[in-house]
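What follows is one structure encoded as structure tokens, with my remarks underneath.
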Amino acid sequence: MMPDESYAAVMTRRTEIMRRSVGIDYERYELDGGIAFDTEALAESPPYSIEDVRQIQLRHKVGDTPLLELTRLTELVRRSAPAGKGARILVKDEAANPSGSFKARRASMCLAHAADQGFRGVIAATSGNYGAAVASQAAMYGLKALILQEVFDSAGRGQPEVLEKTRACEAYGAEVWQLTVGPELFYLHLLLLEETGYFNASLYTPYAMLGVETLGREIALECAERFGRHPAAIIATHSGGGNVTGTARGLRGAGATDTAVIGASVDLTGLHMASDRDFNRKSFTTGHTGFGFPFSVDPDRVDVPRNSARGLRYLDRYVTVTQGEVFFTTQLLADLEGMERGPAGNTSLAAALVVAREFDADELVVVQETEYTGAGKHPTAQLTLAREMGVEITVGRRNEDRPGERIVLPETVDEMDVTEVDLGRLRRSYLRRVAARAGRRPLADYEIEFLAADLNTTPDFVQVEWARSAGARQPAVPVSATGGAGG
Amino acid sequence: MADSPRDPPIASVHVPEGEWVEIERVVLRAPARARNVPPDTALTDFVARVRGFLVAGADLGSNATVRTLLDREVGGRLVEVNPRNPANFGDPVPALLRLGLEARHSLDEGGGSTDARRSGGRPRR
Ligand SMILES: Cc1ncc(COP(=O)(O)O)c(C=O)c1O
């Protein structure tokens with residue numbers, strides 16, 4: 001008999017489908033009470049040492065990417081920085097990975113795991129670089145890859161960057177399901193997992209995170225060797241939290257505990273991620289606040305029972321930049337450094353051009369990734385769509401920028417800035433959500449400890465906010481209805 | 001939905017077996033969608049498009065089955081033959097070209113402070 005394919009029926013089978021398709025017994029890591037889990041034990045569950053990971057990745061053409069110093073951009077920043085300030089800006093050229101982004105690292109360990117477990121194919125629900133990364137790695141392992149992407153609005157208008165991803169995935173031999181807007185992508189994901197028996201190459205497993213650790217590790221080791229110091233700060237484009245998590249764990253594992261981890265997202269506040277109307281009024285498909293905020297405050301709403309990507313746990317600081325600032329930065333990178341690179345990596349670079357002014361000139365600020373660029377991904381492609389959608393494009397001040405209505409390009413680098421995200425507010429929002437689910441009850445000591453670590457804060461903060469939030473009304477930060485369309 | 005651009009032309013077009021084509025299928029009709037979608041999205045069907053080689057000759061607009069790159073069969077309405085990859089580079093953005101050029105000038109002509117740069121030497125808008 002065919003299983004019931006209605007939305008409600010499939011969603012009730014989700015736990016069972018996820019368990020079979022990911023090969024991890026998440027129950028083992030749960031602690032009593034439904035709030036806490038053993039994060040470290042889950043993170044360390046894959047049977048690979050960091051050196052094993054490196055070897056697997058090198059065998060699959062991943063990693064060891066060049067760390068490039070951006071001397072001309074550094075010089076430009078120093079012109080407007082206070083005397084003696086303006087850190088050396090470096091960028092890890094992750095576009096050199098086979099599928100053109102750091103996502104190759106993340107996919108590599110998922111595919112290693114799927115192959116070890118004897119799966120014939122893998123599925124990933126992702127509109128971003130991860131799809132191409134999974135398809136590319138699957139090609140190397142001789143496994144099948146099926147990718148689900150959110151591509152169109154209801155008028156059939158495709159987001160150019162995602163259209164490019166469809167092309168790339170098919171070039172690597174994947175079957176692609178191109179979808180209209182909506183969180184039901186997750187429903188279809190479950191249905192196809194059931195139908196095919198393939199492995200769920202989720203972005204959010206410990207395997208995926210382990211694959212990114214080498215990125216932080218390579219940066220820490222190379223900086224120590226080349227410059228005799230760790231970076232003062234590394235800046236990571238932040239969306240679902242895996243980029244920050246893996247990089248931070250890799251840095252720390254390599255001894256760079258003194259490096260500040262700064263997340264950067266493109267400001268898309270006001271646009272709804274599951275809205276058919278808003279879908280093509282944004283010029284970025286990832287690395288933006290539409291994922292960065294909801295994933296920070298509600299990390300476990302993903303396609304596996306527990307998310308191993310936990311942004312707030314690792315972020316020391318979180319900033320936003322405007323769409324216009326990222327486009328301008330993309331142009332500067334081409335014009336001053338002779339490098340054309342894609343959108344997401346330039347989000348953290350835009351932040352670096354501002355943050356570097358705060359540090360001494362002999363310090364290092366590392367932008368931890370680039371990604372490839374091309375048709376659909378390029379600023380001209382995105383700005384052409386924006387114009388067609390009625391979004392105004394001007395040159396002016398960043399406070400005139402309105403996501404979905406006006407994109408403002410800065411006149412010069414010294415007019416760029418970053419907006420600090422209040423991490424305290426995100427932490428409170430996270431706690432209110434947990435409280436709403438768990439109900440008004442006292443926390444056990446191990447739960448306080450878990451929450452403090454998960455929020456990178458003190459037990460006191462957790463206790464005070466818990467007392468305040470238990471039973472409080474639902475939080476103000478909007479939650480994406482989507483569980484895994486980013487990446 | 002009479003005039004949707006994706007509707008088939010009036011005269012039927014036969015597509016032979018083996019062509020690389022695109023099919024479209026409604027995964028969930030609007031009323032069957034998840035309850036948490038925003039109101040504008042809730043009015044639309046949740047639709048999927050998949051590409052593959054046509055298993056048996058069929059008319060454009062009719063139901064058909066494709067064999068995908070994974071050698072799986074998927075069915076839906078036949079909507080396109082040899083579908084183009086539509087992503088491109090769009091139109092040039094002169095403002096970006098100008099801003100990049102100005103940054104270059106200010107660096108290579110030793111522009112100094114912002115004020116000094118404001119007063120001179122930059123190309124006209
Ligand atoms: C190139 C690139 N950079 C950064 C990110 C953000 O990573 P994360 O979603 O893990 O925060 C993504 C994916 O979403 C990406 O593709």
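Below, read A as the first sequence line, B as the second, and so on, with proteins coming before strands; counting in each chain starts at 1.
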Would you confirm whether [X], through its side chain, and [Y], through its main-chain N or O, come within 3.5 Å as a donor-acceptor pair?
| X | Y | result |
| --- | --- | --- |
| A/Thr380 | B/Gly90 | no |
| B/Arg33 | A/Glu184 | no |
| B/Thr41 | A/Ala274 | yes |
| B/Arg51 | A/Glu170 | no |
| B/Asp40 | A/Asp276 | yes |

To the nearest 0.5 Å, tell me how far [X] [atom1] sits from [Y] [atom2].
| X | Y | atom1 | atom2 | answer |
| --- | --- | --- | --- | --- |
| B/Asp108 | A/Glu75 | CG | CD | 10.0 Å |
| A/Glu388 | B/Asp91 | CD | CG | 7.5 Å |
| A/Phe152 | B/Glu24 | CZ | CD | 8.5 Å |

Structural part of B/Arg84 lying under 4.5 Å from a heavy atom of chain A: neither
Side chain proximity check, B/Arg72 to A/Leu192, heavy atoms < 4.5 angstrom: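 In short, these two side chains touch, coming nearer than 4.5 Å.
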For A/Leu409 against B/Ala95, the heavy-atom pair lying closest together: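 Looking at all heavy atoms of both residues, the closest pair is CD1-CB, 4.0 Å.
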Heavy-atom proximity to chain B below 4.5 Å, by part of [X]:
| X | result |
| --- | --- |
| A/Leu383 | side chain |
| A/Ala145 | backbone |
| A/Phe279 | neither |

Lys/Arg N to Asp/Glu carboxylate O, A/Glu175 vs B/Arg67, below 4.0 Å: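 Looking at B/Arg67 together with A/Glu175, the answer is no, because their closest N to O distance does not fall below 4.0 Å.
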